[in-house]
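Just so it is clear: chains get the letters A, B, ... in the order the sequence lines come, proteins before strands, and each one is counted from 1.
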There are 2 protein chains.
Amino acid sequence: MTKGNVAAPAPHRTPPEHVHPRDVALETALAALSDPVRLALVRELAAAEDWERTCGSFDVPVRKAALSHHFAVLRSAGLIEQRDAGAKRINRLRRAEFEERFPGLLALVLRQQEAGGGPRPRG
Amino acid sequence: MTKGNVAAPAPHRTPPEHVHPRDVALETALAALSDPVRLALVRELAAAEDWERTCGSFDVPVRKAALSHHFAVLRSAGLIEQRDAGAKRINRLRRAEFEERFPGLLALVLRQQEAGGGPRPRG
DNA sequence: CTACGTGTTCGCCTCGCATCGAACAGTCTA
DNA sequence: TAGACTGTTCGATGCGAGGCGAACACGTAG
């Protein structure tokens, strides 16, 4: 029964549901940014123009399914906006709105490139 | 494994191991602050004087074991410093050091009290 | 139409996290 | 010394997050 008739629910090419940063809890925002993959996505997105990058164009070590999930998390955290452009889906970082809701957070994330693994000249 | 009948492992009243904020990765800091319980701890701690609050004096809905775990996480994230004072353990928020490592983050967390789930008197 | 490319959803699996109760080690008090 | 109190560690548990492959839908190119 695992197969046979799938019944075709198929809520597929539905327009992406967005959440405004102002409706996002602090915990949600922090959790969204505490994942390395999502952090990479946000940073790459920040280094590009709005609507320039498609979902599949990011250099992250996960497959399509996981990638799609991460984009959904970023949407739910009010961090990105997505739009369908033909067969592709293009993205935009919500700089202004997110900054207004969580002042300094995005800047902090974009500034801090690496940390914690550095040299430790200490005894 | 590594169990059975250990004679006296008991690394108990060992002095708390601290991690300096400068050795903390951004992901670690964000993950530490993305938990509601830890967020409450940090906020309560921020509202008190240094070394004023003991571990058991916080108003959080978890038992001792979980509480101890959360304090360990906060230590590992460079957010707090602990010191033994008799039978109790007293805490201090590492405001300055953490602020230096992650400018604006602690302030943001302390400023934003609630969000996302609250009433929305707008519209 | 057929084939391909893009991205979402589903089912499944694996980990890690948060939590608890219990046991234990200290400290302070009676 | 006995007992109360504080906090850590252990072991087990429940649950959610993150990962993958497969199937599917939609758009585009041939």
Side-chain angles (χ1 to χ4, degrees), chain A residues 1-18 27-28 30-41 51-58 60-77 80-91, chain B residues 1-18 27-28 30-41 51-58 60-77 80-91:
Chain A
M1 128 193 317
T2 42
K3 295 191 144 194
N5 55 0
V6 273
H12 254 312
R13 208 56 174 197
T14 178
E17 288 184 14
H18 289 108
E27 292 94 319
T28 304
L30 296 176
L33 291 171
S34 68
D35 181 272
V37 173
R38 289 193 290 266
L39 215 41
L41 293 177
W51 312 120
E52 195 186 2
R53 305 292 301 269
T54 68
C55 290
S57 72
F58 290 82
V60 286
V62 291
R63 302 263 176 226
K64 295 192 305 177
L67 190 58
S68 184
H69 164 68
H70 283 304
F71 276 114
V73 172
L74 291 177
R75 274 202 318 267
S76 300
I80 66 168
E81 191 178 355
Q82 295 186 307
R83 178 189 298 174
D84 283 340
K88 305 190 178 180
R89 183 161 281 188
I90 50 181
N91 302 273
Chain B
M1 51 293 256
T2 334
K3 236 229 55 193
N5 53 3
V6 187
H12 255 313
R13 209 56 175 197
T14 176
E17 289 186 12
H18 289 108
E27 292 95 319
T28 304
L30 296 177
L33 291 170
S34 67
D35 181 273
V37 173
R38 289 193 291 265
L39 214 41
L41 293 177
W51 311 120
E52 195 186 2
R53 305 294 301 269
T54 67
C55 290
S57 72
F58 290 81
V60 287
V62 291
R63 301 259 176 233
K64 294 191 307 178
L67 190 58
S68 184
H69 163 68
H70 283 305
F71 275 114
V73 172
L74 290 177
R75 274 201 319 267
S76 300
I80 67 168
E81 191 178 355
Q82 294 186 308
R83 177 190 299 173
D84 283 341
K88 307 190 178 181
R89 183 161 281 189
I90 50 180
N91 302 273

### Query
How many Å lie between CG on B:Leu74 and P on D:dT8, as a whole number?
12 Å
### Query
Please give, in whole Å, the distance from C:dT19 C1' to B:Leu41 CG?
14 Å
### Query
Which sits closer to the 5' end of DNA chain C, B:Ala65 or B:Asp35, going by the nucleotide each is nearest to?
B:Asp35
### Summary
The nucleotide from D:dC20, C:dT9, C:dG21 with an atom nearest the side chain of A:Thr14 is C:dT9
### Query
The side chain of A:Ser68 lies closest to which of these nucleotides: C:dC20, C:dT9, C:dT27?
C:dT9
#### Entry: Nearest-0.5 Å distance that lies between atom CG in B:Leu33 and atom OG1 in B:Thr28
11.0 Å
### Query
NA contact type, A:Val73, heavy-atom cut-off 4.0 Å: base, sugar-phosphate, or nothing?
nothing
### Query
Roughly, in whole Å, what's the span from CG in A:Asn91 to C1' in C:dT6?
12 Å
### Message
Rounded to whole Å, how long is the line connecting atom CG of A:Leu39 with atom C1' of D:dA17?
### Response
17 Å
### Query
Is any side-chain heavy atom of B:Asp84 closer than 4.5 Å to a side-chain heavy atom of B:Pro15?
no
N/O donor-acceptor pairs under 3.5 Å from side chains in residues 61-73 of chain A, not counting sequence neighbours:
residue	atom	partner	partner atom	Å
A:His70	ND1	A:Arg38	NH1	3.1

### Candidates B:Glu81, B:Arg75, B:Gln82 - the one meeting side chain to side chain donor-acceptor pair (under 3.5 Å) with B:Asn91
B:Gln82
## Note on the structure
Whole-Å distance, B:Arg63 CZ to C:dT19 P, equals 12 Å
### Query
A:Ala87 has a side chain; which of D:dG7, D:dG27, C:dG7 sits nearest to it?
D:dG27
### Of A:Lys64 and B:His70, the one whose closest DNA chain C nucleotide lies more 5'
A:Lys64
### Message
In the structure I gave you, are the side-chain heavy atoms of A:Ser57 and A:Glu52 within less than 4.5 Å of one another anywhere?
### Response
no
### Message
Of the listed nucleotides (C:dT8, C:dG7, C:dT27), which one gets closest to any side-chain atom of A:Thr54?
### Response
C:dG7
### Query
Which of the following nucleotides, C:dC20, D:dC20, C:dG5, is nearest to the side chain of A:Val62?
D:dC20
### Query
Between atom CG in A:Leu67 and atom C1' in D:dA17, what is the gap in whole Å?
16 Å
### Query
Are OP1 or OP2 of D:dG18 and a side-chain N or O of A:Arg38 less than 4.0 angstrom apart?
yes
### Separation of atom NE2 in A:His69 from atom C1' in C:dT9, rounded to whole Å
13 Å
